[in-house]
Colleague: 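Here's a structure for you.
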Amino acid sequence: MTVENLSEVLEVRRNKLKKLQAEGKNPFEQTSYDVSVHAKTVEEAFETYEEQPVSMAGRIMSKRGQGKVSFYDLQDSTGRIQLFLKKDALPDQYDEIKTYDIGDIVGIKGEVFKTHMGQISVRVKELTLLSKSLQILPEKYHGLKDMDLRYRQRYVDLIVNPEVKEVFLKRSLIMKKIREFFDTHDFIEVETPVLSNLAGGANARPFGTHHNALDIPLYLRIALELPLKRLIVGGFDKVYEVSRVFRNEGMDATHNPEFTLLESYEAYANYEDVMEMVEELYSFLAKEVNGSEIVAYGEEEISLAIPFRKARMVDLVKEYAKVDFDAITDVEVAKSAAKELHVDVKDKNSVGEIMTEVFDEYVEDKLIQPIFVTMHPVETSPLAKKDPKDPRYTERFELYINGAECANAFSELNDPIDQKERFMSQVQKKTDGDEEAHPFDADFINALEVGLPPTGGLGIGIDRLMMLFTNQHSIRDVILFPTMKPIE
RNA sequence: GCUCCUUUAGCUCAGUUGGCUAGAGCACCUGACUCUUAAUCAGGGUGUCCAGGGUUCGAAUCCCUGAAGGGGCACCA
């Protein structure tokens, strides 16, 4: 840091620090502090701790002075507790302690008691400044409201907005429960490369980077799918991975450029088996995390009780848009039907893609309660097995809750010849300018030639799942450090 | 990408029709106070009014350009 033009309030704090350091009391020299109990524990079991000695540490969040007696609120990782500071009990320290600021981190020793007003407090006998805060925390009553600042300085957001911390504590619990679910279902958790020569397994533009030693381009993965299926080929029957993927596209309330994806693959299972597992997972999480199968989300009450509704995509389109795509085999007929519905399908040239477009426009946002949408057109499902009864469709489902896609699963395509043809048609799309089409992955074809057992695969956008269970309406509120434009 | 709104003290916000030295609460500084809890009382304003141009005797305010954020639309799973 060079010479800064500091405002007076900041200058005051630096001067306080310099004074302490000049007196040989450098607060940044502290390396540890013995913490015997946390605020929440004392609050919940006051009788146990009453008049017992405690040693605690945390941040000063407010000060109420009254001459030779002061009340400070100490905030630790679990909550707040009031400190009772009396000059008689701290004869040498009291005057200096009064100069400590909101934001400073202190350690205290004393006894738990209740004030005349019935407030649980610690009668402080010894107080140590463990770290001096040189910045001013936001105002105690209104807090930090500026969304930009809250994301950029999440550490401040977490200090002054306790409900934000709750969301991320819950996120951690949900992650644990998800792992518990897959572990108890005999899946093994694996890790596959983030960097690869080909970014496949989904329709999305990848982020590119460069490896210096090999002098080759590398891409950040956009999905976990292809390496995981190679592991099924290799003989692991049940695998899952929960990890970050990266997609180089726009950002909004439900899209962050990096997000957490869960994918699982189970040999000798089809998409209907996966469907049952997904129902079980959501209902398990609801019960474990929220204590009820009814989850409140905004104005809605979502019931995650088993079973969820199931419907073919074609039938939902028929129900909401009054068009029966089952009866349409000609692209031009499909196009004029879409035009009638005011759906733009200029760059689409298959019945399946057009139906999907109509679905997105007319059906998607109406699917509030959980529903498995099944049988997606083969054109939009390049990695899924065709339905043997009607090869226009695939053995696939997407779970919709609250009008948003929450899970995507299918009976994995394991016919290497068919897979090769579908890759070829994706490559054609890419040449035609679709930057999100899948690349040709020759090694993956080789793996299928070696032999992939019948397999049911699943993908769940974990951040959107977190939004549902924590009742948050922006993906940025369930990601600790969402992607931000740099300042300047 | 389009569009509407916002940007003033560390934080939350006022600021009239363009008019004296730019305001309030919290925070902070000085002092008083031995059970307060959005403590109270007395005194103190600590500011690149988002940035850069322009109009004007005079701009936080009006005009232009740009930046950042939020909402809506589009794109996108």
Side-chain angles (χ1 to χ4, degrees), chain A residues 5-16 60-74 80-90 94 98-103 113-121 123 133-153 156-157 159-161 201-205 222-223 245 247-257 259 261 344 347 356-357 359-361 364 376 380-381 398-400 403-408 434-436 459-461 463-464 473-476 482 484-488:
Chain A
N5 195 8
L6 296 170
S7 73
E8 201 168 318
V9 275
L10 294 177
E11 201 65 65
V12 166
R13 296 233 175 167
R14 276 164 174 75
N15 290 337
K16 284 183 182 177
I60 298 173
M61 293 304 290
S62 76
K63 297 166 67 177
R64 292 175 295 283
Q66 190 161 1
K68 296 179 181 60
V69 168
S70 297
F71 301 87
Y72 287 13
D73 288 338
L74 184 79
R80 287 190 186 189
I81 191 161
Q82 178 171 272
L83 304 181
F84 179 74
L85 305 157
K86 200 168 161 184
K87 186 156 188 170
D88 299 346
L90 296 154
Y94 190 79
K98 285 194 84 169
T99 70
Y100 292 172
D101 292 298
I102 289 174
F113 78 111
K114 265 187 190 170
T115 63
H116 295 167
M117 298 302 288
Q119 175 73 52
I120 295 171
S121 307
R123 193 186 296 116
S133 171
L134 298 180
Q135 289 287 344
I136 318 289
L137 285 176
E139 195 221 345
K140 60 184 171 187
Y141 190 59
H142 296 92
L144 183 64
K145 291 227 174 100
D146 187 306
M147 293 310 285
D148 185 47
L149 265 184
R150 287 183 49 199
Y151 297 136
R152 287 185 197 279
Q153 300 189 18
V156 177
D157 190 28
I159 291 167
V160 301
N161 295 319
N203 295 59
R205 293 172 63 179
I222 56 172
V245 300
R247 297 187 183 178
N248 206 342
E249 44 196 43
M251 40 206 289
D252 60 29
T254 55
H255 296 82
N256 195 64
F259 63 99
L261 185 60
D344 177 24
D347 48 347
T356 305
E357 209 60 34
F359 175 84
D360 288 350
E361 207 67 33
E364 194 172 329
H376 294 59
T380 59
S381 311
E398 287 180 313
L399 171 63
Y400 280 85
E405 181 204 330
C406 292
N408 181 19
D434 183 354
E435 293 190 72
E436 296 179 354
I460 294 179
D463 307 283
R464 291 185 189 172
H473 294 74
S474 168
I475 198 167
R476 298 180 141 203
M484 302 291 286
K485 267 201 220 179
I487 301 170
E488 286 173 339

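Computed from a predicted model, the values in this text were never measured in an experiment. Hydrogens, waters and symmetry mates play no part in the numbers below; they use all other heavy atoms, side chains included. Below, chains carry the letters A, B, ... as their sequence lines are ordered, and counting in each starts from 1.
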Colleague: Taking atom C1' in both B:A74 and B:U56, what distance in whole Å separates the two?
Modeller: 42 Å

Colleague: Could you work out the separation of B:U7 and B:U61 based on their P atoms and round it to a whole Å?
Modeller: 12 Å

Colleague: Over all strands shown, is A:E436 touching base, sugar-phosphate only, or nothing at heavy-atom distances under 4.0 angstrom?
Modeller: sugar-phosphate

Colleague: Show the nearest heavy-atom pair for residues A:R13 and A:L134, with the distance to one decimal.
Modeller: O-CD2, 3.9 Å

Colleague: Whole-Å distance between B:U46 P and A:R13 CZ?
Modeller: 19 Å

Colleague: B:C29, OP1 or OP2 - any side-chain N/O from A:K16 closer than 4.0 Å?
Modeller: yes

Colleague: At under 4.0 Å between heavy atoms, what does A:L137 touch on the DNA or RNA strands: base, sugar-phosphate, or nothing?
Modeller: nothing

Colleague: Quick one: on RNA chain B, does A:M117 or A:F259 contact a more 5' nucleotide (nearest heavy atom)?
Modeller: A:M117

Colleague: A:G65 near the nucleic acid: base, sugar-phosphate alone, or nothing, with a heavy-atom cut-off under 4.0 Å?
Modeller: base

Colleague: Between B:A27, B:G69, B:C11, which nucleotide has the shortest distance from any of its atoms to the side chain of A:I102?
Modeller: B:A27

Colleague: Using whole Å, what does the distance between atom P of nucleotide B:U37 and atom CD1 of A:I120 come to?
Modeller: 18 Å

Colleague: Taking CE from A:M147 and P from B:G69, how many angstroms apart are they, rounded to a whole number?
Modeller: 12 Å

Colleague: Give one of base, sugar-phosphate or nothing for A:Y72, where a contact means two heavy atoms less than 4.0 Å apart.
Modeller: nothing

Colleague: Only pairs with both distances under 3.5 Å count, Watson-Crick or wobble alike; so what is the partner of B:G47 in this structure?
Modeller: none

Colleague: What integer distance in Å separates A:L134:CG from B:A27:C1'?
Modeller: 16 Å

Colleague: B:C11, OP1 or OP2 - any side-chain N/O from A:K145 closer than 4.0 Å?
Modeller: no

Colleague: Hunt down the Watson-Crick or G-U wobble partner of B:C2, both distances under 3.5 Å, from any strand shown, or write none.
Modeller: B:G72

Colleague: Going by an N to O cut-off under 4.0 Å, is there a salt bridge joining A:D88 and A:K68?
Modeller: no

Colleague: What class does the angle between the rings of A:F71 and A:F84 fall in, given that below 30° is parallel, 30 to 60° is tilted and above 60° is perpendicular?
Modeller: tilted

Colleague: Considering only atom P, compute the distance from B:U21 to B:C49 and round it to an integer number of Å.
Modeller: 15 Å

Colleague: Does the side chain of A:R64 get closer than 4.0 angstrom to OP1 or OP2 of B:U36 through an N or O atom?
Modeller: no

Colleague: Looking only at the side chain of A:R476 (C-beta and beyond, no hydrogens), which of the listed nucleotides B:G70, B:A39, B:U12 gets closest?
Modeller: B:G70

Colleague: A:K63 NZ to B:C35 C1': how many Å, rounded?
Modeller: 18 Å

Colleague: Could you check whether any side-chain N or O of A:K87 sits under 3.5 Å from a backbone N or O of A:G67, counting only pairs where one atom can act as donor and the other as acceptor?
Modeller: no

Colleague: Which residue, A:D101 or A:H142, contacts RNA chain B at a nucleotide closer to its 5' end, judged by nearest heavy atom?
Modeller: A:H142

Colleague: Identify whether any heavy atom of A:N203 sits under 4.0 Å from a base atom; if not, whether one sits that close to sugar-phosphate; answer base, sugar-phosphate or nothing.
Modeller: sugar-phosphate

Colleague: Given 3.5 Å as the limit, does a donor-acceptor pair link the side chain of A:Y94 with the main chain of A:V69, or not?
Modeller: yes

Colleague: Provide the distance between the two C1' atoms, one in B:G1 and one in B:G52, to the nearest whole Å.
Modeller: 25 Å

Colleague: Counting N and O atoms only, with roles assigned by atom type, does the side chain of A:R464 sit under 3.5 Å from a partner on the main chain of A:T254, one being a donor and the other an acceptor?
Modeller: yes

Colleague: B:U37, B:C26, B:G10: which one has an atom nearest the side-chain heavy atoms of A:K140?
Modeller: B:C26

Colleague: What is the separation between atom CG on A:D146 and atom C1' on B:A68, rounded to the nearest whole Å?
Modeller: 10 Å

Colleague: Using Watson-Crick or G-U wobble geometry with both distances under 3.5 Å, which nucleotide pairs with B:G10?
Modeller: B:C26

Colleague: Using the P atoms only, state how far B:U48 lies from B:U3, rounded to an integer number of Å.
Modeller: 33 Å

Colleague: Whom does B:G52 pair with, Watson-Crick or G-U wobble, provided both distances fall under 3.5 Å?
Modeller: B:C64

Colleague: Name the closest nucleotide to the A:I136 side chain, picking from B:G10, B:G69, B:U36.
Modeller: B:G10

Colleague: Indicate, yes or no, whether a donor-acceptor pair under 3.5 Å links the base of B:U34 to the side chain of A:Q66.
Modeller: no

Colleague: Which part of the nucleic acid does A:E364 contact within heavy-atom distance under 4.0 Å: base, sugar-phosphate only, or nothing?
Modeller: base

Colleague: Look at the side chain of A:D88 and the base of B:U34, then say whether one donor and one acceptor between them are separated by less than 3.5 Å.
Modeller: yes

Colleague: Any chance you could measure A:T99, atom OG1, to A:N15, atom CG, to the nearest 0.5 Å?
Modeller: 12.0 Å

Colleague: Could you tell me how far B:C26 sits from B:A9 if I compare only their C1' atoms? Round to whole Å.
Modeller: 12 Å

Colleague: In whole Å, what separates the P atom of B:G19 from that of B:G58?
Modeller: 15 Å

Colleague: Which whole-number value in Å describes the distance from A:R123 CZ to B:U36 P?
Modeller: 16 Å

Colleague: Is there a side-chain contact between A:R150 and A:R476 (heavy atoms, below 4.5 Å)?
Modeller: no

Colleague: Whole-Å distance between B:C26 P and A:E139 CD?
Modeller: 9 Å

Colleague: Is any side-chain nitrogen or oxygen of A:Q82 closer than 4.0 Å to OP1 or OP2 of B:U37?
Modeller: no

Colleague: Check every strand shown and say whether A:R247 touches a base, only sugar-phosphate, or nothing at a heavy-atom separation below 4.0 Å.
Modeller: sugar-phosphate

Colleague: How far does the C1' atom of B:A39 sit from the matching atom of B:A32, given to the nearest Å?
Modeller: 14 Å

Colleague: If you look at every strand shown and take non-hydrogen atoms under 4.0 Å, does A:V12 touch a base, only sugar-phosphate, or nothing?
Modeller: sugar-phosphate

